[in-house]
Amino acid sequence: FISRNLSVRMNGKILCVQLEKYNQNLQELEKQSKSRNQIESDFKKAARERNDILLELFNAYKGEIQKINESQSELKITIDFKGDREDFKAEMKKDFKGSKITDVKYQSLCNKFRDYVELIEDWILYDGEKIRKIITNSEYAKLDEKLQNQYPELLQKQVQNKVQIYYHGKLLRHHSIGQRASALILFILMQSNNDIILIDQPEDDLDNKSKGKV
């Protein structure tokens, strides 16, 4: 919904192309025959540049959200950089299935590492120093095997920003279907690039309070 702004969409496409380039750089670093110090330096540089691209995209989204929040008082949207920890934990459980790591330890890994790039950086450059403080040696041995088999693919995965929508101070998902429909109509009406809006039976699913305004 935030990509409604054309300039943001175009910038987003450019940034995504750049992001893909840095993802490829990260995958190639370990394959190159360089000294450990050079590998460490290059890995950190590529990871930092990749993160800068993600931050630029995030700030573009954040700017659009700020406009929405300032234009009215009924809806409020928040966004947290790489904040979807539950999704990251679910991805870990799927990618490291069979490692016998418990849910509590997966949660600790999610709290320690913001994304797979940080986790793999610890694994490649520091022999898993931070990871080993969370899981046992036997669990680390299984994790090490899985990382060796799939780390290039894992480097390309992104932890999603966490977006939450509040309607009258309450999370939208905790509202009734009718109230959610009211919030959606309000959001649509706020879009400055919508010259004409066609809504078939707008009163459907609306709560009684909102129907009086339609």
Side-chain angles (χ1 to χ4, degrees), residues 1-3 5-66 77-96 99 101 106-135 140 143-164:
F1 60 84
I2 303 172
S3 60
N5 185 284
L6 180 59
S7 62
V8 171
R9 288 201 303 268
M10 293 180 67
N11 288 337
K13 290 180 180 178
I14 295 172
L15 292 172
C16 285
V17 171
Q18 293 176 318
L19 179 59
E20 179 60 26
K21 181 184 72 174
Y22 289 121
N23 281 337
Q24 293 174 0
N25 288 344
L26 285 170
Q27 294 178 56
E28 292 298 324
L29 287 175
E30 185 63 7
K31 299 177 183 178
Q32 298 174 14
S33 56
K34 298 179 178 180
S35 69
R36 185 172 183 82
N37 287 339
Q38 187 63 50
I39 291 174
E40 179 177 347
S41 175
D42 287 352
F43 192 103
K44 288 182 176 180
K45 180 176 182 293
R48 183 176 62 253
E49 291 175 340
R50 177 184 188 272
N51 201 62
D52 287 344
I53 295 296
L54 292 174
L55 268 174
E56 192 168 349
L57 282 168
F58 168 80
N59 286 328
Y61 296 155
K62 189 176 180 180
E64 290 300 307
I65 285 175
Q66 185 175 355
I77 304 173
T78 63
I79 184 169
D80 180 20
F81 185 58
K82 297 182 183 180
D84 197 341
R85 315 313 296 164
E86 286 302 312
D87 183 66
F88 185 32
K89 183 170 74 171
E91 284 293 314
M92 275 193 186
K93 286 183 173 181
K94 180 180 67 176
D95 296 329
F96 302 149
S99 61
I101 298 174
Y106 274 121
Q107 187 62 55
S108 295
L109 289 171
C110 288
N111 294 338
K112 176 62 68 175
F113 304 103
R114 294 290 290 174
D115 55 17
Y116 271 130
V117 173
E118 289 188 6
L119 186 145
I120 292 172
E121 179 182 350
D122 182 60
W123 172 66
I124 289 179
L125 303 181
Y126 307 108
D127 194 29
E129 180 181 351
K130 295 178 182 178
I131 301 173
R132 292 175 187 271
K133 292 179 179 179
I134 298 173
I135 62 179
Y140 184 84
L143 179 65
D144 178 73
E145 181 180 351
K146 291 183 177 297
L147 285 171
Q148 290 184 45
N149 291 332
Q150 58 182 320
Y151 83 88
E153 292 79 16
L154 297 181
L155 282 171
Q156 298 184 57
K157 291 190 175 184
Q158 299 176 28
V159 175
Q160 298 301 310
N161 300 322
K162 185 174 184 178
V163 177
Q164 297 197 99

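Just so it is clear, the model here is predicted, and its values are computed rather than measured.
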Check your understanding: Do Gln148 and Asp144 get their side chains close enough for a donor-acceptor pair, meaning under 3.5 Å?
Key -> yes
Hey, is the main chain of [Y] close enough, under 3.5 Å, to the side chain of [X] for a donor-acceptor pair?
X	Y	value
Arg132	Tyr140	no
Asn149	Glu145	yes
Arg114	Leu119	no

**Study point:** Within 6.0 angstrom of Lys162 NZ, more than 12 heavy atoms from elsewhere
**Key:** no
Review point. Is atom NZ of Lys112 surrounded by more than 12 heavy atoms (other residues, nucleotides or ligands) closer than 6.0 Å?
Key: no
Practice item. Give a yes or no on whether a salt bridge exists between Lys157 and Glu153, defined as a side-chain N under 4.0 angstrom from a carboxylate O. Key: no
Review point. Hey, are Asp115 and Lys82 close enough for a salt bridge, meaning a charged N less than 4.0 Å from a carboxylate O?
Key: yes
**Study point:** Partners passing side-chain hydrogen bond (donor to acceptor under 3.5 Å, both in side chains) against Gln107 (at least two apart in sequence or in another chain)
**Key:** Lys89, Asn111
When rounded to the nearest 0.5 angstrom, what distance separates [atom1] in [X] from [atom2] in [Y]?
X	Y	atom1	atom2	result
Met92	Lys146	CE	NZ	14.0 Å
Ile134	Leu143	CD1	CG	10.5 Å
Ile77	Tyr61	CD1	OH	13.5 Å
Arg48	Asp52	CZ	CG	7.5 Å
Leu55	Asn59	CG	CG	6.0 Å
Gln160	Glu91	CD	CD	9.5 Å

**Study point:** Asp87 vs Val159 side-chain heavy atoms within contact, under 4.5 Å
**Key:** no
Check your understanding: Quick one: are Phe113 and Ile120 in side-chain contact, heavy atoms under 4.5 Å?
Key -> no
Check your understanding: Minimum heavy-atom separation for Trp123 to Ile131, with atom names?
Key -> CB-CD1, 4.2 Å
Exercise for review: Check the pair Phe43 / Val117 against side-chain contact (heavy atoms from CB on, under 4.5 Å), numbers first and verdict last.
Suggested key: CA-CA 9 Å; Phe43 192 103; Val117 173; 4.3 Å; yes
Check your understanding: Parallel, tilted or perpendicular for Tyr116 and Phe88, by the 30°/60° rule?
Key -> perpendicular
Exercise for review: Could you walk me through whether Glu121 and Lys130 pass the side-chain contact (heavy atoms from CB on, under 4.5 Å) test, one step at a time?
Suggested key: CA-CA 10 Å; Glu121 179 182 350; Lys130 295 178 182 178; over 6 Å; no
